[in-house]
Amino acid sequence: MADLALAGLRWAASPIVNELLTKASAYLSVDMVREIQRLEATVLPQFELVIQAAQKSPHRGILEAWLRRLKEAYYDAEDLLDEHEYNILEGKAKSGKSLLLGEHGSSSTATTVTKPFHAAMSRARNLLPQNRRLISKMNELKAILTEAQQLRDLLGLPHGNTFGWPAAAPTSVPTTTSLPTSKVFGRDRDRDRIVDFLLGKTTTAEASSAKYSGLAIVGLGGMGKSTLAQYVYNDKRIEECFDIRMWVCISRKLDVHRHTREIIESAKKGECPRVDNLDTLQCKLRDILQESQKFLLVLDDVWFEKSDTETEWELLLAPLVSKQSGSKVLVTTRRETLPAAVCCEQVVHLKNLDDTELLALFKHHAFSGAEIKDQLLHTKFEHTTEEIAKRLGQCPLAAKVLGSRLCRKKDIAEWKAALKLGDLSDPFTSLLWSYEKLDPRLQRCFLYCSLFPKGHRYEPNELVHLWVAEGFVGSCNLSRRTLEEAGMDYFNDMVSGSFFQLVSKRHYSYYVMHDILHDLAESLSREDCFRLEDDNVTEIPCTVRYLSVRVESMQKHKEIIYKLHHLRTVICIDSLMDNASIIFDQMLWNLKKLRVLSLSFYNSNKLPKSVGELKHLRYLDLARTSVFELPRSLCALWHLQLLQLNGMVERLPNKVCNLSKLWYLQGHMDQIPNIGKLTSLQHIHDFSVQKKQGYELRQLKDLNELGGSLHVQNLENVIGKDEALASKLYLKSRLKELTLEWSSENGMDAMNILHLDVLEGLRPPPQLSKLTIKGYKSDTYPGWLLERSYFKNLERFELNNCSLLEGLPPDTELLQHCSRLLLLDVPKLKTLPCLPPSLTKLSICGLPLLTFVTKNQLEQHDSRENIMMADHLASKLSLMWEVDSGSSVRSVLSKDYSSLKQLMTLMIDDDMSKHLQIIETGLEEGDKVWMKENIIKAWLFCHEQRIRFTYGRAMELQVVLPLGLCKLSLSSCNIIDEALAICLEGLTSLATLELEYDMALITLPSEEVFQHLTKLDMLILSGCWCLKSLGGLRVASSLSILRCWDCPSLELARGAELMPLNLANLSIRGCILAADSFINGLRHLKHLFISVCRCSPSLSIGHLTSLESLCLNGLPDLCFVEGLSSLHLKRLNLVDVANLTAKCISQFRVQESLTVSSSVLLNHMLMAEGFTVSPKLNLSCCKEPSVSFEEPGNLTSVKHLQFRCCKMESLPRNLKSLSSLESLSIGCCRNIASLPDLPSSLQRISISDCPVLKNNCQEPDGESWPKISHLRWKHILLIPNLLL
């Protein structure tokens, strides 16, 4: 096994060099190609033996020097080859032809014709000016390879091909989803001991100070300290005890500023704004923790030497104060010496796993691959694992990594080779061995990860894109696979080898690398990779080619960076505090070999023209910048593969379509003309067909690398089947999701045939997993949707706004694998005879002819009419009309109008037609008062006819739903009470139920039905005007979210008693509430939203003792809210509640966020004794022309201020007095023209969709520009589609 120095260099003498030679051979003479091929065929295969022999030889230094020279020559040759290919790409783009006949892309016919001249031409290539430098470098590389023969002779090695390099990363690497669940072995006792301490009684000192006490887990590297801490952190007992849990990885060097920010981010589960002032940060953390009952802070991987200062640790931990005693700090460390500030009361020394536990861990990973069916062979493997485990020194990390590496090797000789290694009890020994067993390409990828700091969250796609851009992913033997797919195989291979570990959160996941593995990568890559993260760095090795930046100021380091002429990569991990645009411009002129440029600091609106000089650039990431204008010179980046924009660039340069290597483009706003030239492109989310050159459907013809999802819009601009066929969608074999959409509805008669022809020509690839058809205006399916086995694995099928289709495709086999079916606005569809049994999600919306009715209900038609009580419903609707001038009523009515209109085609009723005309006129006229009575009466008449028609049918119509449904959405279709109950029977997996715009529903099912819906978590009721009762909903014990919108007939007097006890989120809009609606029940309710409702003058919410968020919006009747003294609200919204009394307003208390729509209301609060404004203050939908803060002294606690959708003409003049304000956001306030004086504490300003203010803030002449020019964070955006 090679030592670290040789191990870090050995990839240079690998098949990677072979790939370079293969690429270069296209530009070399035949004789030179043959000579180099002979050298690499005889030298490289033996090189592993050379390294092994040199370990024990006095000539080891000669080998190291040779390897370094080979690596440097490799880099230089690669750069020269890159420049040569750049010139060829440039020539092709300008002339449309290759520079030399027979080079890239020449036709097979031309090659055959010129074959007799090939040898003469290849010799002539060496004389071309653009080839001479490359030839010189290849001669140097050849000379270095020749020296290897002498080195081999010097070491006394035999000639011949005796060694083969590891094969390239296999193409069938197990995906991360198939990996075995990570298990913890032998640590249950340690876990319980730590949990008991964390949950134990507090000491006298703790109780008196309301501070914390600490516990340390101490052990050697790789012993499983972090794993044990995670085991404890995620224990249910811990989750229930501590209302705030925080996890921060310290690693080596304490950075008080950065680690304070990371603690805040962990506590808030979100990003913390970049703040320069440490005191501000620490006050923010103190405020967060003071609101907690008890917190747990885990400080992972703490390093503290006796010589270290205690001051920084005291500073870091100073804000740790909570409401109650009993908060804890849990530390993992390799040293028992800890800073006093940790208040460590107990130390858990992590002992070695015993032999049985370590063997179980090792076997878990070693046998996690394919099953070994040969029993005799399995026995041999078992015996070998026991022998290896004895030598692992009880090190869990070594057992995990070595086991993961061996699980992929099913040759017993490979396993026995591990027994010949040195001291396996040292984790570095087994880790280095595992590294050396990686394919050389994977070795480079692993070393590259040292660019990122310890504890970094690796995102697979981003990392793979970087590897591809750096050229680490081999391009040979890809077959039909993309470099991205091959790179993902690399990543999955490293995951399966335990080089990365998956961390799963509730809504997202990421990967981390163990600190010891990170140390290994860093020690092996120190000549090539460098992390600039210390402001005191004065020198960077001149050999460095990959640089990451994580400092606050680039100004201090610019001269060092300018000298790195070989630099290939600059990745800015954190944003800078200084303006680095000038430095960046100079950097572009100095660093001409850059291949990867990832910026998070560039704050100019324009990218400089000099970016076009980066001939080698493959990866440009502008996602976290302010750039919205790109230079034309960008189109000269012929090697560019990945371009990530920020969503602010409105127009790309005209000739961006000439970047033939570009395969990844994200974050742009407009469509690229002539996009068909970008034949390498792998992702287009939206393609809009237009009747102008460069935007035709045929642009898709040659884009056969497209993968992921594709949305083809405006298909009405396609003139016929031939044009559709020319797009060759069926050849896009990488596509997974496809949406085909027609947008126009003009000329319906001609559309039936035309739409069918176009859709016939748009035959999709059969491997699709999701297909959506929108706006299709034909009553016939195309032939490919009638083929039984056309789709191999279609998982989701959607029909949307297909007005003439009357049913699903007739062959049920076509959708046999479908798990999600969406039928939206398919008005002529009447029946669903047979649904796929594999369905888990079903959405039915806008199918008015689809009726769910039982035989029993057909017989009760007369009694049903009596129940309807038209006069009662009319009075309810009239009441609701007055709240918002009929806006909500008309919104529901417009939905139902479409259903009624479709029904009329079957009923042929002149009276109904007249009443529908009244409704249509009312919807067009808007909120005129005289329309209210007419429109309501007209709707009631039409609704009565609908009920008669529904019950006038001769037979019952039911839909049999698949029993595995998890989500069911029924909207704008007729479902009767008993039919709904029958539909829900047996749906024991149902988690979400949505019932919207169903005017036939009067009561929800009984308790007997809801008792069986044990997984029901969310219920949405919307636009059901006749719904009166929640039925037996109270027994739905798992229900946590209930939304009742626009259900004016719903009886909500003492409504809380009718709702499930465990309800956590309740949203009510467009209903009628009583004073006692929230009395009793709902003890666990956390979020209450009440909007656009009629109610009594007073509402009592004092029983809702768990309430955290309260939103009261558009309640004209509300004067007083009772029970406020018993609430501890975190978030409060008071919008359009004009009649709330000053006494009531003064009683509100809120901890985190306050939103109001009136400065008058806010000033009432400010004047109330004891009222403190929350850190976040929002003024939303304010109609007052001017706003003032009458008590600005009470606003000193405000840190984040937002104005949204306000009519005011100016901001408060005394805004400057908000002395703690950190961020100011102004959105959709079109009348505001300028900024007042701003507080010095302000760090961030965001202005969106404020056209006048945007112009006033423009650099350099805007009147308000001097007031914000010094701010590091400025986001000024005008959303194009919102322009008037």
Side-chain angles (χ1 to χ4, degrees), residues 194-195 197-218 226 229-230 232-233 235 238-251 253-273 275 277-304 308-333 337-348 455 1130 1151-1152 1175 1197 1199 1220:
I194 295 170
V195 169
F197 171 81
L198 297 178
L199 302 182
K201 293 181 180 179
T202 58
T203 64
T204 306
E206 278 184 88
S208 61
S209 66
K211 289 196 66 150
Y212 57 86
S213 59
L215 178 145
I217 303 173
V218 180
S226 298
Q230 291 167 347
V232 170
Y233 187 83
D235 190 282
I238 295 297
E239 290 180 353
E240 293 171 358
C241 178
F242 298 98
D243 54 330
I244 290 183
R245 292 177 302 139
M246 301 160 286
W247 181 292
V248 176
C249 180
I250 301 297
S251 287
K253 186 178 184 299
L254 176 66
D255 182 334
V256 177
H257 191 282
R258 177 166 61 87
H259 287 121
T260 300
R261 191 175 81 248
E262 289 177 358
I263 293 173
I264 293 171
E265 289 175 346
S266 184
K268 299 294 289 181
K269 302 297 184 280
E271 184 180 357
C272 173
V275 176
N277 188 294
L278 178 61
D279 180 66
T280 303
L281 268 181
Q282 294 218 309
C283 289
K284 183 179 183 69
L285 176 58
R286 182 198 60 204
D287 293 346
I288 292 169
L289 297 183
Q290 280 184 335
E291 296 302 324
S292 69
Q293 302 300 315
K294 286 191 292 185
F295 65 78
L296 169 65
L297 171 63
V298 177
L299 300 174
D300 189 33
D301 197 22
V302 169
W303 292 70
F304 184 77
D308 289 348
T309 175
E310 293 269 3
T311 307
E312 287 190 331
W313 281 98
E314 291 172 357
L315 194 58
L316 175 73
L317 301 176
L320 303 190
V321 179
S322 57
K323 278 185 178 178
Q324 297 181 5
S325 58
S327 292
K328 305 291 181 184
V329 174
L330 178 61
V331 174
T332 71
T333 178
T337 304
L338 290 169
V342 172
C343 302
C344 184
E345 292 188 355
Q346 190 168 337
V347 174
V348 173
K1130 292 183 178 180
Q1151 300 170 8
E1152 294 179 7
S1197 57
K1199 296 181 179 180
S1220 299

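Because the structure is a prediction, the values reported are computed rather than measured.
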**Prompt:** What's the shortest heavy-atom distance between C241 and K294, and which atoms?
**Reply:**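 Smallest interatomic distance, heavy atoms only, reads SG-NZ, 3.4 Å.
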
**Complete:** Heavy atoms of S292 and I244 approach each other most closely as CB-CD1, 3.5 Å

**Item:** Residue list, salt bridge (charged side-chain N to carboxylate O under 4.0 Å, His left out) with D243, at least two apart or on another chain
**Value:**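 Here no residue qualifies.
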
**Message:** Run the salt bridge (charged side-chain N to carboxylate O under 4.0 Å, His left out) test against E262 and tell me which residues pass, sequence neighbours left out.
**Reply:**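 Testing E262 for salt bridge (charged side-chain N to carboxylate O under 4.0 Å, His left out), a comparison that skips the adjacent residues, returns R258, R550.
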
Rounded to the nearest 0.5 Å, how far apart are [atom1] of [X] and [atom2] of [Y]?
| X | Y | atom1 | atom2 | value |
| --- | --- | --- | --- | --- |
| R245 | E239 | CZ | CD | 4.5 Å |
| F197 | L330 | CZ | CG | 9.0 Å |
| L215 | E345 | CG | CD | 9.0 Å |
| C344 | L338 | SG | CG | 5.5 Å |
| K328 | L320 | NZ | CG | 13.5 Å |
| H259 | S266 | NE2 | OG | 12.0 Å |

With a 4.5 Å cut-off on side-chain heavy atoms, are [Y] and [X] touching?
| X | Y | result |
| --- | --- | --- |
| V256 | T260 | yes |
| V329 | V298 | no |
| I238 | Y233 | no |

**Item:** Stepwise side chain to side chain contact (heavy atoms under 4.5 Å, CB included) check, L296 with M246
**Value:** CA-CA 6 Å; L296 169 65; M246 301 160 286; over 6 Å; no

**Item:** side chain to side chain contact (heavy atoms under 4.5 Å, CB included) between I250 and T333, intermediate numbers included
**Value:** CA-CA 10 Å; I250 301 297; T333 178; over 6 Å; no

**Item:** Q290 side chain vs P319 backbone, donor-acceptor pair below 3.5 Å
**Value:** no

**Asked** With distance as the sole test, does T332 use its side chain to make a donor-acceptor pair with the main-chain N or O of S226 at under 3.5 Å?
**Response**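 Checked: no pair found.
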
**Message:** Once you measure the plane-to-plane angle for Y212 and F295, does it fall in the parallel (<30°), tilted (30-60°) or perpendicular (>60°) bin?
**Reply:** tilted

**Request:** Output, in order, the C-alpha distance, side-chain angles, deciding distance and verdict of side chain to side chain contact (heavy atoms under 4.5 Å, CB included) for I194 and L198.
**Result:** CA-CA 6 Å; I194 295 170; L198 297 178; 4.0 Å; yes

**Request:** Test side chain to side chain contact (heavy atoms under 4.5 Å, CB included) on L316 and I263 and set out the steps.
**Result:** CA-CA 10 Å; L316 175 73; I263 293 173; 4.1 Å; yes

